[in-house]
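These notes are about the structure you will find just below.
A quick note: this is a predicted structure, and the numbers were derived from the prediction, not measured.
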Amino acid sequence: MAAGYADLLRTRYAARLLAGTLIGRLPNATAALALVLFVRGQGGSYALAGALSAIYGVCNAVGQPLLGRAVDLCGQPRVMLPASVLSALGMALLAAVGVEPRWAAYGAVAIAGFFTPPLEGGLRALWPGVLQRADRVHAAYALDAVAQEVMFTVGPLLVTLCVAAWSAGAALLVINAIGVLGALSVAVSAPSRQWRSAPRDAHWLGALRSPGMLVLIGAFFFVGLALGSIAVAAVAYSDRHGGGMVSSCLLSALGLGALLGGLVYGARQWPGRPEARLRLLVALLALGYLPLFLVPGVAGMTALTGLAGVFLAPSLACAFVVVDRHAPKGTVTEAFSWLVTTFGVGSAVGASVAGPVLEDGGPASGFAVAGASGVAALLVLLSMKRFLGEPVVPAAGAVRAENDRNGAVEPGFRAGHQA
């Protein structure tokens, strides 16, 4: 398994693109924590911190698919690098003006959120042209999903260290400066500069005119909702079982399970169509969430959360393949950005739903929200199965038939990705 991933990363540009994308996404991954620490450091309330985080999240959700569409139309460097600079300037403005006047703070955060560059979608659009082979692209999608777990672990630690060494304002500046460097590393690379989206048919719905894309968005909204509710329920569980590091242990176990599951999944090729495989993986994911409402002791709960995470990264990696098959021609970056946005919105909704539920029913009810959300994601995929058959709109890979005949790559993997 290690040899397979090492072979992938030895491919020219692969390690650089993966590392640059992860570094470029640090500001987005740490924004919620950084904003809370900054507002509290300025003497502001948790309510203000929550409002700024909400504005950032909403603007990010709006900006990602729009910037993804701009990338498909104009290329990566013309969008990614200016967007990352504008996003960083938004956070720099917040660090300079503080939390007063409020309109300036809100505006600065809105700029930072809206112009967050769609690096995730951009990387997944680049993989087929860089790696050329289906087995490598399959492994890269899995490695990408795994790397996110590492980033969401290391990022908050880096923010905390910056705050301890300097200040919360300095942390905003440092994290966003690092993010610009990551985006720059990707944008000036040859694959990013040479990449061109396939010609697209003019349509205001863009990637959303694909029925398959709508099904994926609906399903992964509920997967995100499950994760958001688990994060809040873990804190409530911790309060009843000694507090301290208990919630961190649960969430770390969830992340470790996802990391291991993703590594194993990406290490081999799987038979059958990815749409059918996605339904199976989401079924297993839902099955892993259901026992959480039993809320056993800390050791048992840690084991259950670890098991609950095992099929998350494989589900995401498989979803990336399905997105590539069902995105209308010329919309691949926008399509990936929609999936990222929906997942994030679902997580935010899950956190907001879990709060009132926990007040009434305790930790068990909060984890029950996660189980119900996993089942809802599966029901979306099963009930809309007919829309995830063969794509009914021109897909991102225009040479699908030729690739099928040659056995070179899974449908949709090469055409329209690299000039």
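A distance-only check finds a donor-acceptor pair linking the side chain of Arg193 to the backbone of Val188 [under 3.5 Å]. When atom types are taken as modelled, the side chain of Ser315 and the backbone of Phe311 share a donor-acceptor pair closer than 3.5 angstrom. A donor-acceptor pair under 3.5 Å is absent between the side-chain atoms of Thr341 and the main chain of Gln64, judged by distance alone. Put simply, the side chain of Asn60 never gets that close to the backbone of Tyr56: no donor and acceptor are under 3.5 Å apart. Under a 3.5 Å cut-off, the side chain of His326 and the backbone N or O of Val322 do not form any donor-acceptor pair. Without hydrogens or angle criteria, Ser373 side chain to Val369 main chain gives a donor-acceptor distance under 3.5 Å.
Two residues are said to be in side-chain contact when any heavy atoms from C-beta on lie closer than 4.5 Å; Leu216 and Trp338 fail this criterion. The closest side-chain heavy-atom distance from Val159 to Cys162 is not below 4.5 Å. No side-chain heavy atom of Leu119 sits under 4.5 Å from any side-chain heavy atom of Leu22. Put simply, the side chain of Leu126 does not reach to within 4.5 Å of the side chain of Leu131, judged on heavy atoms. Between Leu172 and Leu37, every side-chain heavy-atom pair lies at or beyond the 4.5 Å cut-off. Arg136 has its side chain out of reach of Tyr141: every pair of non-hydrogen atoms, C-beta onward, lies at least 4.5 Å apart. Proximity of Val71 to Pro118: side-chain heavy atoms (C-beta onward) are separated by under 4.5 Å at one or more points. Side-chain contact between Met301 and Leu292 is present, with at least one heavy-atom pair separated by less than 4.5 Å.
With values rounded to the nearest 0.5 angstrom, Leu94 atom CG is found 4.5 Å from Phe38 atom CZ. With rounding to the nearest 0.5 Å, the separation of CZ in Phe367 from OG in Ser229 is 8.5 Å. We find the CG-CG distance between Leu381 and Leu280 to be 11.5 Å, quoted to the nearest 0.5 Å. Trp127 contributes atom CH2, which lies 7.0 Å from atom CG of Leu143 (distance to the nearest 0.5 angstrom). A distance of 9.5 Å separates CG of Leu285 from CG of Leu378, quoted to the nearest 0.5 Å. One distance of note links CZ of Arg273 with CG of Leu278; it measures 11.0 Å at 0.5 Å rounding.
Listed here is the closest heavy atom pair of Ala226 and Tyr289: CB-CE1, 3.7 Å. Ala112 and Thr116 get closest at one heavy-atom pair: O-OG1, 2.9 Å. Heavy-atom minimum distance, Val215 versus Met384: CG2-CB, 3.5 Å. Across every non-hydrogen atom of Thr305 and Ala253, the tightest pair is OG1-CB, 3.6 Å. Nearest heavy-atom pair, Ala142 versus Gly266, reported as atom, atom and distance to 0.1 Å: CB-CA, 3.4 Å. Residues Gly262 and Ala313 share a closest heavy-atom pair of CA-CB, 3.7 Å.
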Q: Walk me through it: do Arg277 and Tyr265 pass the test side-chain contact (heavy atoms from CB on, under 4.5 Å)?
A: CA-CA 12 Å; Arg277 186 163 65 249; Tyr265 174 78; 3.0 Å; yes
(Q) Assess the residue pair Phe115 and Leu89 against the criterion (side-chain contact (heavy atoms from CB on, under 4.5 Å)); give the C-alpha distance rounded to whole Å, side-chain angles, the decisive distance to 0.1 Å, and a yes or no. (A) CA-CA 10 Å; Phe115 286 104; Leu89 287 176; over 6 Å; no
Q: Report the C-alpha separation of Ser185 and Arg16 in whole Å, then their side-chain angles, then the decisive distance to 0.1 Å, and conclude whether the side-chain contact (heavy atoms from CB on, under 4.5 Å) test is met.
A: CA-CA 8 Å; Ser185 175; Arg16 172 180 174 175; 3.6 Å; yes
Q: Given side-chain contact (heavy atoms from CB on, under 4.5 Å), test Val345 with Phe221 step by step and report yes or no.
A: CA-CA 7 Å; Val345 170; Phe221 169 81; 4.2 Å; yes
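The aromatic rings of Phe320 and Phe336 stand perpendicular to each other, their planes meeting at an angle above 60°, with 30° marking the opposite boundary.
For the residue pair Gln76 and Ser192, a side-chain donor N or O sits within less than 3.5 Å of a side-chain acceptor on the partner. Defined by atom type and a distance below 3.5 Å, a donor-acceptor pair is missing between the side-chain atoms of Thr331 and Asp72.
Ion pairing between a basic and an acidic side chain is recognised when a charged N comes within 4.0 Å of a carboxylate O; Glu275 and Arg279 show no such pairing.
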